[in-house]
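Only one structure is covered here, and it is reproduced in the block below.
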Amino acid sequence: MRYTIFIALLLLSTVFTSALPEIRQADWQQRCDYHITVGLDDVKHTLSGFAKFEYTNNSPKALDKMYFHIWPNAYKDDLTDFAVQQVENGTTKFHFAEDSIRGNINMLDFKVEGQSVKWAYYNNQIDIAQLTLNQSIKPGETVEITTPFLVKIPGSFSRFGHEGQSYQITQWFPKPAVYDVNGWNQMPYLDQGEFYSEFGKFEVE
């Protein structure tokens, strides 16, 4: 009897394993070193900063565009994936919140190697920026990307926010999306879920 159960479980395991999608991996990984200067205004509840990214393309492909997470914009209105997910989970606090306690990120001015680049929201998602590069980033090449930013910190609805002068500061700066063997991972900010980031070094002042 025990052998029969073991064989049945083994067969079930084989069936379920073969039904799983293939997980692709590579022998390369992109790198992004972060240099950020930022200040907190605890009266206006804002973060004012400047970010410099040293981005190295270790992939075998040239990149003619990039994606950046600008996740504070998830708190800008009630149409974002974050806002929709909150309602789906039965939480309407953000949905009915006044604009004065919602958040956003603005003053973005992306430059690559000192040259301005065009950018737009990706797929009408205001928390993801798509940069159209003036020149492709070749395999093995490192480029410098910069932008100023100004973040309005929202009230305390999720991971990122404040109650008076008590601050929970998470996912607050522009951040390159991960490019891996499966392509770009341009994910919106969600209340439930975790975050995927490029490997690199942080210097924050």
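- Using a 4.5 Å heavy-atom cutoff, the side chains of Asp127 and Gln125 are in contact.
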Exercise for review: Walk me through it: do Tyr122 and Tyr67 pass the test ring pair (Phe, Tyr, Trp, His ring centres under 6.0 Å)?
Suggested key: CA-CA 8 Å; Tyr122 168 69; Tyr67 295 90; 5.1 Å; yes

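- Annotation: Phe160 is not in aromatic contact with Tyr189 [ring centroid separation under 6.0 Å not met].
- For the atom pair CZ of Phe199 and NZ of Lys201, the computed distance is 10.0 Å after rounding to the nearest 0.5 Å.
- Taking the centre of each ring, Phe68 and Phe110 come in below the 6.0 Å mark.
- Between Thr91 and Asn89, the side chains place no donor N or O within less than 3.5 Å of an acceptor N or O (distance only, hydrogens not considered).
- Gln30 and Asp180 share no side-chain donor-acceptor pair at under 3.5 Å.
- Annotation for Asp77 and Ala83: closest pair O-CB, 3.6 Å, computed over non-hydrogen atoms.
- In terms of heavy-atom proximity, Asn58 sits nearest to Gln29 at ND2-O, 2.7 Å.
- Closest approach of Ala177 to Glu198, counting heavy atoms only: O-OE2, 3.7 Å.
- Between the CD atom of Gln135 and the CG atom of Leu63 there is a distance of 13.5 Å, given to the nearest 0.5 Å.
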Point to revise | Test side chain to side chain contact (heavy atoms under 4.5 Å, CB included) applied to Asp78 and Phe96, step by step | key: CA-CA 8 Å; Asp78 58 5; Phe96 292 110; over 6 Å; no

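- Between the Asp64 side chain and the Ser136 main chain, no donor and acceptor come within less than 3.5 Å of each other.
- Note on ring orientation: taking the six-membered ring where Trp is involved, the planes of Trp119 and Tyr121 are perpendicular (angle over 60°, cut-offs 30° and 60°).
- A donor-acceptor contact shorter than 3.5 Å is absent between the side chain of Glu203 and the backbone of Ile36.
- Counting heavy atoms of neighbouring residues, nucleotides and ligands inside a 6.0 Å radius, atom CD of Glu113 exceeds 12 of them.
- For the residue pair Asp109 / Thr147, no side-chain donor-acceptor distance below 3.5 Å is found, with atom types taken as modelled.
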Exercise for review: For Phe82 and Tyr75, run ring pair (Phe, Tyr, Trp, His ring centres under 6.0 Å): C-alpha distance rounded to whole Å, both residues' side-chain angles, the deciding distance at 0.1 Å, then the answer.
Suggested key: CA-CA 8 Å; Phe82 160 77; Tyr75 295 87; 4.6 Å; yes

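- A single hydrophobic cluster is not seen to contain both Ile169 and Val43; linkage of ILVMFWY side chains at heavy-atom distances under 4.5 Å, directly or through other members, places them apart.
- Between the side chain of Asn73 and the backbone N or O of Ile126, at least one donor-acceptor pair lies under 3.5 Å.
- A side chain to side chain donor-acceptor pair (under 3.5 Å) with Ser197 is found for one member of Gln171, Lys175, His69 and no other, namely Lys175.
- Geometric assessment of Arg31 against the ring of Tyr55 yields a negative cation-pi assignment under the 6.0 Å and 45° thresholds.
- Shown here for Asp191 and Ser158, the closest heavy-atom pair between the two residues is OD1-OG, 2.5 Å.
- Aromatic ring centres of Phe195 and Trp71 lie closer together than 6.0 Å.
- A donor-acceptor contact shorter than 3.5 Å is absent between the side chain of Asp33 and the backbone of Glu54.
- Under a hydrophobic clustering in which Ile, Leu, Val, Met, Phe, Trp and Tyr are joined whenever their side-chain heavy atoms come within less than 4.5 Å, directly or via other members, Tyr179 and Val181 fall into the same cluster.
- The shortest distance between side-chain heavy atoms of Ser116 and Lys111 falls below 4.5 Å.
- Atoms CD1 and OG, from Ile137 and Ser59 in turn, are 9.5 Å apart once rounded to the nearest 0.5 Å.
- Trp184 and Trp28 end up in the same hydrophobic cluster when Ile, Leu, Val, Met, Phe, Trp and Tyr side chains are linked at under 4.5 Å.
- Linking ILVMFWY residues whenever their side-chain heavy atoms come closer than 4.5 Å, directly or via other members, leaves Phe50 and Leu150 in distinct clusters.
- Under a hydrophobic-cluster definition in which Ile, Leu, Val, Met, Phe, Trp and Tyr are linked whenever side-chain heavy atoms come within less than 4.5 Å, directly or via other members, Leu79 and Val84 are assigned to different clusters.
- Between the Thr92 side chain and the His95 main chain, no donor and acceptor come within less than 3.5 Å of each other.
- The two residues Cys32 and Pro176 make their nearest non-hydrogen contact at SG-CG, 3.8 Å.
- Distance alone, capped at 3.5 Å, places no donor-acceptor pair between the Asp81 side chain and the Gln85 backbone.
- Inter-residue side-chain proximity for Pro174 and Leu108 is flagged as met; some heavy-atom pair is nearer than 4.5 Å.
- Distance check: Gln168 CD to Ile153 CD1 gives 9.5 Å after rounding to the nearest 0.5 Å.
- Residues Val117 and Thr132 share a closest heavy-atom pair of CB-O, 3.6 Å.
- Between atom CD of residue Glu141 and atom CG of residue Asn57 there is a gap of 8.0 Å, rounded to the nearest 0.5 Å.
- Counting only heavy atoms from C-beta outward, the side chains of Met66 and Leu133 approach each other to under 4.5 Å.
- The backbone N or O of Leu40 lies less than 3.5 Å from no partner atom in the side chain of Asp42, so there is not a single donor-acceptor pair.
- Side-chain contact check for Ile101 versus Phe157: some heavy-atom pair is nearer than 4.5 Å.
- Aromatic ring orientation, Tyr167 versus His45: tilted (interplanar angle from 30° to 60°).
- To the nearest 0.5 angstrom, Lys76 atom NZ is 8.5 Å from Ile70 atom CD1.
- Side chains of Thr142 and Glu144: a donor-acceptor N/O pair is absent below 3.5 angstrom, by distance only.
- Formation of a donor-acceptor pair under 3.5 Å by the Lys152 side chain with backbone atoms of Ser100 is found in this model.
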